[in-house]
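First up is the structure itself, then whatever we jot down about it.
Convention: sequence-line order gives letters A, B, ...; per-chain numbering from 1.
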Amino acid sequence: MVERIEQIEREAAEQIAAASGSAELEELRVTHLGRKAELTGILRGIAELPADQRGPVGKRGNEARQRLEALISERAAELDSAELESRLASDAVDVTLPGAPAPPVGHPHLISRTRRRIEDIMVGLGYRVLEGPEVELDYYNFTALNHPPGHPARMSQDTFYVAPGSLTQAAMSAARAAADGGGEGGAATPDEELVVLRTHTSPMQVRAMEAQEPPIFVVVPGKVYRRDSDATHSPMFNQVEGLAVAEDITLADLQGTLLEMLRGIFGEGREARMRPHFFPFTEPSVEFDVSCFACDGSGSLADGSRCGLCKGVGWIEVGGAGMVDPNVFGFVADGGYDPDRVQGFAFGMGVERIAMLRYGVPDLRRFLDNDVRMLEQFS
Amino acid sequence: MRVPLEWLAEYCDPGWEPERLAERLAMTGTEVERVTRAGTPSADGFVIGHVSSVDAHPDADRLSVCVVDTGGGERTIVCGAPNVAAGQTVPVALPGAVLPDGTKLRKAKLRGVESDGMILSETEIELGEDADGIIVLDGQGAPAPGTPLGEVIPLSQAVLELEVTSNRSDCLAIFGVAREVHAVTGAELAPEPWAEDAPAEGEGALEDLASVTVEVPGLCPRFTARVFTDVSVGPSPLWLRARLIAAGQRPINNVVDITNYVMLLCGQPLHAFDLDEVPGGELTIRAAAAGEKLTTLDGVERELDAGAVLVCDREGPSAIAGIMGGRRSEVSEATTRVLLEVATWNGVNILRTSRRLGLRSEASARFEKQLHPALTMRAQHLASRLLVELAGARLVPGTIDVSAGEPEPRVVSLRVPRVEALIGMEVDGETCAERLESLGFGVKLRKAKGGEIAATVPLERDSDVRREADLIEEVARLGDLDKTLPSTLPSAPTVGGLSREQRLRRRAEDVLRGLGADEIVGWSFADAALGDRLRLPEDDPRRRLVSLGNPLSGEQSAMRATLLGSLLDAARLNLSRGAERVTLYESGRVHLVESGAAAVLGRHPAPVSEPHRLGLLASGAPARSWRGEGAPVDFFAVKGLLEALCAQLGAEVEVEAAPEPFLSPGRSAAIVLAPLDDEGARGDPVAAGWIGEVHPLVARSWDLESAAGFELDSGALIAAAGAGRERYEDVTTFPPVHEDLAVVLPDEVSARELRERVLEAGGELLVSARIFDLYRGDQVGEGRRSLALQLAFRAPDRTLTDEEVAGRREAITAAIGEVGGSLRE
Ligand SMILES: [Zn+2]
């Protein structure tokens with residue numbers, strides 16, 4: 001009987017090993033281990049065997065059954081895996097087809113990108129960011145910035161005036177009140193000139209000082225307007241203004257601050273220089289330049305040709321600055337800005353100009369086209 | 001201001017290359033726009049010649065064949081000028097000389113006779129407009145043949161084109177520039193050219209010849225007049241004409257040229273009247289009557305307003321004070337007696353009048369900067385001498401001088417320690433004094449308290465230098481700032497940073513970009529027609545725009561009250577340039593006619609309200625891919641973006657159907673946001689913008705097939721934003737029970753209402769109810785639709801039992817029934 005069991009085991013093991021599919025394997029399982037299988041029958045009839053055979057047959061029969069079960073599940077795993085592989089192989093894709101479109105990611109405008117960069121640099125130097133009105137009072141845009149009514153410096157700004165008829169009566173009376181408080185010339189300002197589109201971000205210098213006692217460190221980004229339109233002038237553009245006032249702020253501090261800022265914008269290794277200039281609301285006044293980053297300030301390129309960016313000068317004009325004029329402090333003296341006790345600097349620059357330099361944009365007007373293909377060049 | 005270097009060198013000559021001088025001036029506060037050349041490109045090849053003989057050309061009536069001695073020998077030159085004659089001293093261009101237009105002169109045969117050079121007329125070397133005859137240099141001390149022409153007349157000269165800042169009227173004068181060059185280079189400065197007056201040899205008594213009455217002393221602080229007899233009007237000498245031309249002035253005649261020359265040299269404008277055209281010689285300076293008319297020298301009739309000041313004679317206005325003379329009393333060839341006016345006018349009034357008239361002259365550009373009254377006599381002296389020397393005039397003794405009194409020279413004191421404190425580097429008193437002295441200041445240095453300087457301000461700087469700060473600027477700008485000033489950083493006593501609003505606005509912009517939108521920056525300008533294009537009714541408040549009194553164009557005549565116009569403009573541009581689709585956003589302001597709405601820093605309110613907004617517009621075809629077409633660009637596409645934006649900022653957003661004239665009816669809604677207070681409690685929802693599909697007629701007006709978008713008030717969004725104010729809440733570990741519910745509803749019941757009812761009925765246990773399917777069709781019947789909701793029930797402290805959930809479900813079913821809905825079987 002034991003020999004028969006071993007024979008069954010041997011034959012079944014051979015058949016299992018030769019099984020070529022899971023269906024065939026299942027048939028073999030029924031044939032050799034099912035209810036009607038010979039081995040099952042032998043094990044079921046064990047009780048009827050002579051007592052001395054029951055032990056060896058039972059032991060051998062169970063061993064054979066266990067071995068066949070193990071062989072079947074082993075073979076089943078082999079067959080499953082083979083079938084999976086072949087199924088996968090037949091399910092291959094063209095990996096060169098494009099991927100499913102991801103949700104697109106948009107692009108920032110170069111102006112806000114540049115503006116944020118400047119804001120972040122100045123925040124790092126301890127400045128707060130303020131914004132102010134674009135439709136502004138003549139008082140803040142000119143008078144309180146030491147442009148007396150009728151002063152030639154006012155006229156150079158090509159100001160847009162806001163039609164009084166389009167404003168509320170309350171706004172006009174407030175504008176009139178502000179003008180009348182601005183000295184003798186203010187009262188002579190006609191209604192048509194009381195409200196302007198700000199020609200610079202500087203009016204916020206005065207509003208900020210009215211609202212906060214010194215020390216004050218603020219930076220003011222925003223749109224400004226000038227009545228001038230050609231290849232190099234846009235009637236609307238952006239500026240960033242800076243103002244720092246405390247007891248001991250110096251022109252050297254202005255230079256150091258400009259240097260840090262310009263390095264932040266244009267890269268380490270840049271130099272800053274100041275050239276004396278004139279602005280009504282700063283004294284001394286300067287214009288400031290950054291050393292040219294195309295030629296590293298040398299004025300000529302590696303091949304010896306003249307640098308086109310700085311026109312061979314080695315320096316690029318960036319903006320205007322200076323020490324706050326005592327007359328400006330005079331307009332906010334009751335807020336703690338005694339011109340004999342505090343001093344400070346202010347600077348301003350055009351955001352478009354910086355973006356043009358920084359990103360090589362040749363024409364100011366490209367910023368207002370809003371062609372997304374231009375934005376997409378900058379990730 | 002054009003400064004010919006040859007002229008400048010008469011008063012200060014550092015001997016520097018023009019470019020080096022320009023650089024030095026730029027670094028000390030006088031910007032040089034460019035360095036140009038006047039006249040011929042080079043003086044080479046131009047010499048003095050002596051005409052030995054003149055013969056008729058054998059084959060041409062109009063030409064002469066001249067033999068000219070040009071120093072190295074005689075040469076034959078063919079000349080076409082009628083005035084050429086033997087014995088003349090003439091300017092000659094030799095072969096190789098380059099003319100102003102760039103042509104290089106060569107030997108040439110003229111009708112068979114070889115010409116070895118050219119005898120020059122004024123036009124050929126840009127010294128005048130007389131092209132008919134050659135220049136004849138006869139007279140006393142005529143130069144020898146072969147003398148370089150450049151030594152006789154300024155031929156090829158460098159000109160500095162200065163950009164003079166509005167405070168430096170002193171640099172609108174050659175001598176003023178010379179003083180500046182002296183200060184910045186150290187080169188010697190010549191004595192002031194006006195020091196010496198002319199001899200007064202004219203006949204008659206001044207008071208018989210002329211009189212002046214000033215009715216408006218406030219507008220005319222000083223009026224001086226002199227009278228000249230025996231004036232012979234004619235062309236000015238070449239050297240003077242050359243200087244005027246190089247400085248940008250057209251020579252006219254010697255008298256007018258002298259007034260221009262003196263103005264350019266000393267910065268004080270003058271005006272010459274033909275005394276015989278001033279009846280009785282009586283001048284009255286008075287305010288113009290409104291509407292009064294006068295024809296100015298340029299032949300234009302000007303209408304004046306009451307603010308203008310006129311110089312009048314018995315017959316009426318003769319000149320617009322400080323701006324331009326009148327035609328009637330113009331100096332002409334026939335003039336023999338001249339009245340020379342040199343006056344001081346009120347600068348603000350000159351500026352105002354010149355702007356009103358749209359007439360700016362060299363004179364008004366100087367007067368508007370408020371000249372010192374003492375400058376008048378400088379100009380009288382200088383002009384008198386030149387009139388005597390160059391026009392044969394005789395000066396009638398005396399000067400009519402109507403003056404409100406000459407102000408004392410200004411003395412300003414400078415504390416040396418203040419200079420150091422403001423500039424931030426050491427400067428000693430001697431250095432300050434030296435620098436001020438070089439600029440023409442009278443200086444007294446006192447040793448007290450670290451040094452103090454009493455500085456007497458030069459008259460020509462009177463309106464510019466008034467305070468200590470102005471002196472500090474003078475000291476600083478001569479101090480080689482670019483080389484000597486240290487770079488230090490102030491220590492800001494505050495922590496810098498962005499406000500919460502600024503931070504969240506940036507966050508919103510970043511989210512919109514993350515959602516695929518590209519940023520635009522639109523024009524702030526709009527026009528009245530925008531209201532029509534957006535189909536706004538006549539009485540719509542959004543038609544009331546902040547408008548400009550002096551716009552550049554009709555399209556830019558007002559300020560925008562919505563971002564939609566800018567977004568539509570940008571969408572059209574991009575689609576017309578080939579983009580298949582665009583999603584654009586703008587983060588910017590609109591300008592509304594309502595004052596005081598927004599809190600603005602400062603004592604005086606802003607004139608209008610300028611809320612910041614976030615606008616988005618999508619247009620174009622859905623994205624295509626080999627995996628199928630993307631979602632359409634419609635209401636729900638942009639609503640999804642709006643919801644994602646609000647979710648990222650922690651704001652709860654709802655939209656309510658609401659019509660907008662520029663949106664498609666039925667696909668138009670108001671955005672509603674509930675502000676969050678400091679304790680985290682939500683207030684009443686407020687309308688914060690619009691969302692919808694752009695009306696097809698509006699879209700068509702921008703050449704778009706369709707578009708959808710929204711415009712949201714940033715302030716309202718940020719007020720509703722919980723971002724940055726979140727508090728930790730325990731995350732429960734008990735699993736939620738999910739149930740799906742299909743509800744059939746009448747069309748009138750909105751999804752929002754259904755959801756609100758369900759959430760209310762579900763009570764605390766119902767943590768979310770999300771609509772995930774929509775079905776219309778025969779199975780639910782006409783006028784009804786089926787919405788499927790996924791509900792999630794959860795309790796923080798236990799696993800929910802079937803009974804608890806069943807109870808809630810019953811309540812929800814009942815609530816649905818109340819609005820005419822039922823569960824779908
Ligand atoms: Zn360069």
Closest approach of [X] to [Y] (non-hydrogen atoms, all atoms of both residues):
X       : Y       : value
N574(B) : V372(A) : OD1-N, 2.8 Å
R603(B) : Y140(A) : N-OH, 3.2 Å
S487(B) : G256(A) : CB-CA, 3.8 Å
T257(A) : P490(B) : OG1-CD, 3.4 Å
V495(B) : R128(A) : O-CG, 4.2 Å
R544(B) : G165(A) : NH2-O, 4.3 Å

Quiz item: With a cut-off of 6.0 Å (strictly less than), are more than 12 heavy atoms of other residues, nucleotides or ligands near CD of E426(B)?
Solution: no
Under a 4.5 Å heavy-atom cut-off, does chain A meet the side chain of [X], its backbone, both or neither?
X       : result
R415(B) : side chain
R577(B) : both
H604(B) : both
L545(B) : backbone
Q370(B) : neither
D470(B) : both
L478(B) : neither

[X] vs [Y] side-chain heavy atoms within contact, under 4.5 Å:
X       : Y       : result
L197(A) : F525(B) : yes
L137(A) : P607(B) : yes
R275(A) : E31(B)  : yes
I423(B) : M323(A) : no
E610(B) : E136(A) : no
D518(B) : E376(A) : yes
R589(B) : E131(A) : yes
L601(B) : E210(A) : no

If you count heavy-atom pairs under 4.5 Å with chain A, which of [options] comes out on top?
options                            : result
L552(B), T583(B), V546(B), L498(B) : L552(B)
P486(B), A476(B), G347(B)          : P486(B)
R477(B), Q556(B), Q502(B)          : Q502(B)
T28(B), T30(B), I472(B), N167(B)   : N167(B)
M27(B), R506(B), R627(B), H591(B)  : R506(B)
D482(B), I520(B), V348(B), L485(B) : L485(B)

Quiz item: Looking at R116(A) and E509(B), does any basic side-chain N land under 4.0 Å from a carboxylate oxygen?
Solution: yes
Quiz item: Is the shortest distance from a Lys or Arg side-chain nitrogen in R418(B) or D340(A) to a carboxylate oxygen in the other one below 4.0 Å?
Solution: no
Exercise. For side-chain hydrogen bond (donor to acceptor under 3.5 Å, both in side chains), just list the numbers for E594(B) and T168(A), CA-CA rounded to whole Å, side-chain angles, deciding distance to a tenth of an Å, and then say yes or no.
Key: CA-CA 7 Å; E594(B) 42 186 76; T168(A) 61; over 6 Å; no
Self-check item: Proximity breakdown for A100(A) and chain B, heavy-atom pairs closer than 4.5 Å
Solution: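 Contact with chain B: backbone and side chain both.
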Quiz item: Which atoms of Q343(A) come close to chain B, meaning under 4.5 Å heavy atom to heavy atom: side chain ones, backbone ones, both, or neither?
Solution: side chain
Quiz item: How long is the span from the CE atom in M425(B) to the CG atom in L251(A), to the nearest 0.5 Å?
Solution: 8.0 Å
Quiz item: Atom OG in S524(B), atom CD in E134(A): separation rounded to 0.5 Å?
Solution: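 Interatomic distance, S524(B) OG to E134(A) CD, rounded to 0.5 Å: 5.0 Å.
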Self-check item: Residue pair S112(A) / E519(B), side-chain donor-acceptor N/O under 3.5 Å
Solution: yes
Expected output: side-chain [X] to main-chain [Y] donor-acceptor under 3.5 Å:
X       : Y       : value
S166(A) : S547(B) : yes
N370(A) : V521(B) : yes
T488(B) : D253(A) : yes
N550(B) : T159(A) : yes
W626(B) : P98(A)  : yes

